Q: 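One structure follows; several queries about it will come next.
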Amino acid sequence: MNPDGKMRLAAYFNPTGHHVASWRHPRAQSDAHINIKHYVEITQTAERAKFDLVFLADGVATRQADIEAQSRSVQFIAHFEPITLLSALAMVTERIGLVATMSTSYNAPYHVARKFASLDHISGGRSGWNLVTSGQLAEALNFNRTEPFPHHERYKRAHEFAEVVQGLWDSWDDDAFVRDKDSGLFFEPDKMHYLNHKGKDYSVRGPLNVPRSPQGQPVLVQAGASDDGKELAAEFAEAIFSPHLNVEAAKAYYDDVKTRMRKYGRDPDHLKILPGLSVIVARDAEVARKDYEFLQNLIHPIVGREILSTMLGEMDLTPYSLDEPLPDPLPPSNGSRGHYDSIVAMARRENLTIRELGNRVAGARGKNVFVGTPEKVADYMEDWFSKEACDGFTIMPPYIPGSHDDFCELVVPELQRRGLFRTEYEGTTLRENLGLPRPESIYTRADRKKAGKSR
């Protein structure tokens, strides 16, 4: 549980919302994917509601699917590059964190370190990197590959990648740049550090050509639910977006990851686990229910099947009838283990057809959905939080701006009334607001150890 007893809240923005038919809703901005004013407005709304951060997912390909399904979807088709967008949003916000996805599979560590360190300076200490690996074939085909890296290899490379990025972020001591006009000294030479990393997959000399950032290092975020993903999170992550659909699974995951942190010498409070929650809320429960049903009825069955196929790791479901259950056994998946396991378990447990399962997961793309009044939404969130199944939530508005506005207007005040969420920001950086420490430089740590031994 967070030491201050308060939830952390992330606002996860897909352009028009997380529901696959979001763009068709009357209260959604249908051209959101290229509308900067839209992003400014929804981010400022989240900041007024005192959210910890906004988060932008990303992929390095246009999502591949049956062309009929693809032409009816806005999800991962064409949208802003997230670092560019967050840099613009940094100029119109003051306190809210700015977090984006960047893959370890198709970037170099130096690129990632430089971009997020720059964003941290631009935003005054509010940036975060969502570390992901890329498992989609469409992405591999854009980067001189005929197939993605195998699952275990992706995570093995990611461990070394994260280590290099964090090392590069410490290239300069905090006080390296003296900028003394009288003496002509711009920086202290002994406060610049070469990383000189030589590993299995990466050889990186350094130093990074960006000074140490206001937070010391940007916040490192992760979303893996597989065993490899949990191990990576336990070693490096400071926040996790998790995909669990019930409090029991969330609690088991929470305890597992927090326990794993001990072998890396990490304090469990220095990792915030924020499961995804897609909320449709209204003052009247019947109004909320009808809104949800309206959205569900906008899903084309072919779109539902294609989203299901993607979430099961690009599994080809076209040979099977929409009105039959998933085949048993299923072939192995190269996609997200957390999504795969949760979806297959739900399908078997409820004996759902492919049509029903596609309709179910396509809405929030496999994430948890809650429909109800502000009090019932707050009850649900408080139950998970009080059982230490989470440190807060990643709120995934089904359609934007409408459902995002509703959550901020109706649910946030109810959480504040119960003393579960802040009424003012605690600090100016993302680390301060999440309750995370400012990391000590690896070189400062080494000097301190050396000084201790000399005594």
Side-chain angles (χ1 to χ4, degrees), residues 1-12 18 46 49-53 55 221-225 229-230 233-234 237-261 268-281 285 288 292 336 338-339 341-343 345-346 349 360-361 363-398 403-404 406-408 410-422 433-436:
M1 185 68 67
N2 289 317
D4 62 3
K6 298 287 193 297
M7 291 181 186
R8 270 53 185 179
L9 292 181
Y12 179 175
H18 281 270
K50 312 303 179 187
F51 271 70
D52 290 81
L53 61 96
F55 166 64
V221 181
Q222 214 258 330
K230 287 187 282 190
E238 296 169 295
I240 297 178
F241 303 144
S242 64
H244 300 98
L245 302 177
N246 60 68
V247 68
E248 293 79 16
K251 173 64 174 171
Y253 177 87
Y254 185 94
D255 291 344
D256 184 4
V257 175
K258 297 267 185 172
T259 299
R260 292 178 190 232
M261 293 176 69
D269 284 336
H270 297 168
L271 170 62
K272 309 304 177 184
I273 298 180
L274 309 171
L277 181 62
S278 190
V279 174
I280 291 183
V281 61
Y292 175 70
S336 165
H339 285 151
D341 291 342
S342 295
I343 291 169
M346 178 173 63
R349 183 175 61 249
R360 182 83 64 87
V361 304
R365 295 177 300 114
K367 296 298 193 297
N368 199 4
V369 178
F370 192 90
V371 180
T373 63
E375 294 77 18
K376 291 298 183 183
V377 175
D379 287 345
Y380 186 80
M381 296 172 70
E382 184 173 7
D383 180 56
W384 283 46
F385 187 64
S386 66
K387 290 175 178 174
E388 297 190 11
C390 65
D391 295 301
F393 293 88
T394 301
I395 303 303
M396 306 169 61
S403 64
H404 174 55
D406 293 341
F407 186 92
C408 293
L410 300 176
V411 179
V412 168
E414 179 62 23
L415 294 173
Q416 291 170 332
R417 186 186 67 78
R418 300 182 187 199
L420 293 170
F421 189 61
R422 69 167 65 85
N433 292 323
L434 284 174
L436 298 172

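All values reported here derive from a predicted model rather than from experimental measurement. Only this structure's heavy atoms are used, side chains among them; waters, hydrogens and symmetry mates stay out.
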Q: What distance separates Cys390 SG from Met7 CE, expressed to the nearest 0.5 Å?
A: 6.5 Å
Q: Does Asp379 come within less than 4.0 Å of Arg418, counting only side-chain N to carboxylate O?
A: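 Counted as a salt bridge, because a side-chain N and a carboxylate O are separated by less than 4.0 Å.
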Q: Taking Lys6 for its side chain and Phe421 for its backbone only, find out whether a donor-acceptor pair lies under 3.5 Å.
A: no
Q: Find out whether Phe370 and Ile280 are in side-chain contact, i.e. whether some heavy atom of one side chain is under 4.5 Å from a heavy atom of the other.
A: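 They are not in contact (no side-chain heavy atoms under 4.5 Å apart), so the answer is no.
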Q: For Ala237 and Leu271, which heavy atoms make the closest approach, and how far apart are they?
A: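 Scanning both residues, the minimum pair turns out to be O-CD1, 3.4 Å.
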Q: Are the side chain of Gln416 and the backbone N or O of Arg422 linked by a donor-acceptor pair below 3.5 Å?
A: yes
Q: Return the minimal non-hydrogen interatomic distance between Ala46 and Ala11, and the atom names on each side.
A: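 The pair with the smallest heavy-atom distance is CB-CB, 4.4 Å.
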Q: Shortest non-hydrogen contact from Pro374 to Val411?
A: CA-CG2, 4.4 Å
Q: To the nearest 0.5 angstrom, please state how far the CD1 atom of Ile273 sits from the CG atom of Asp391.
A: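 If we round to the nearest 0.5 Å, Ile273:CD1 and Asp391:CG are 6.0 Å apart.
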Q: Hey, could you give me the NZ/CD distance between Lys272 and Glu238, rounded to the nearest 0.5 Å?
A: 10.5 Å
Q: Provide the closest heavy-atom pair for Trp384 versus Asn368 in the form atom of the first, atom of the second, distance.
A: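 Shortest heavy-atom separation between Trp384 and Asn368 comes out as CZ2-ND2, 3.5 Å.
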Q: Is Val257 close to Ile240 at the side-chain level, that is, under 4.5 Å between some pair of heavy atoms?
A: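 Result yes, sub-4.5 Å side-chain heavy-atom pair found.
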Q: Relative to each other, are the rings of His18 and Tyr12 parallel, tilted or perpendicular (30° and 60° limits)?
A: perpendicular
Q: Is the shortest side-chain heavy-atom distance between Phe407 and Pro397 below 4.5 Å?
A: no
Q: I need the Met396 CE to Phe241 CZ distance, nearest 0.5 Å.
A: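 Met396 atom CE to Phe241 atom CZ measures 10.0 Å (nearest 0.5 Å).
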Q: Within this structure, what is the NZ-OH distance for the pair Lys251 and Tyr254, rounded to the nearest 0.5 Å?
A: 7.0 Å
Q: Closest approach of Ser278 and Pro398, non-hydrogen atoms and distance?
A: OG-CG, 3.4 Å
Q: Starting at NZ of Lys50, measure out to CG of Leu9 and round the result to the nearest 0.5 Å.
A: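 Nearest 0.5 Å value for the NZ-CG distance: 13.0 Å.
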Q: Could you pull out the closest heavy-atom pair between Ala49 and Val412, with the gap in Å?
A: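 Looking at all heavy atoms of both residues, the closest pair is O-CG1, 3.6 Å.
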Q: Within the structure provided, determine whether Val369 and Tyr292 are in side-chain contact (heavy-atom separation under 4.5 Å).
A: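 Yes; the side chains approach each other to less than 4.5 Å.
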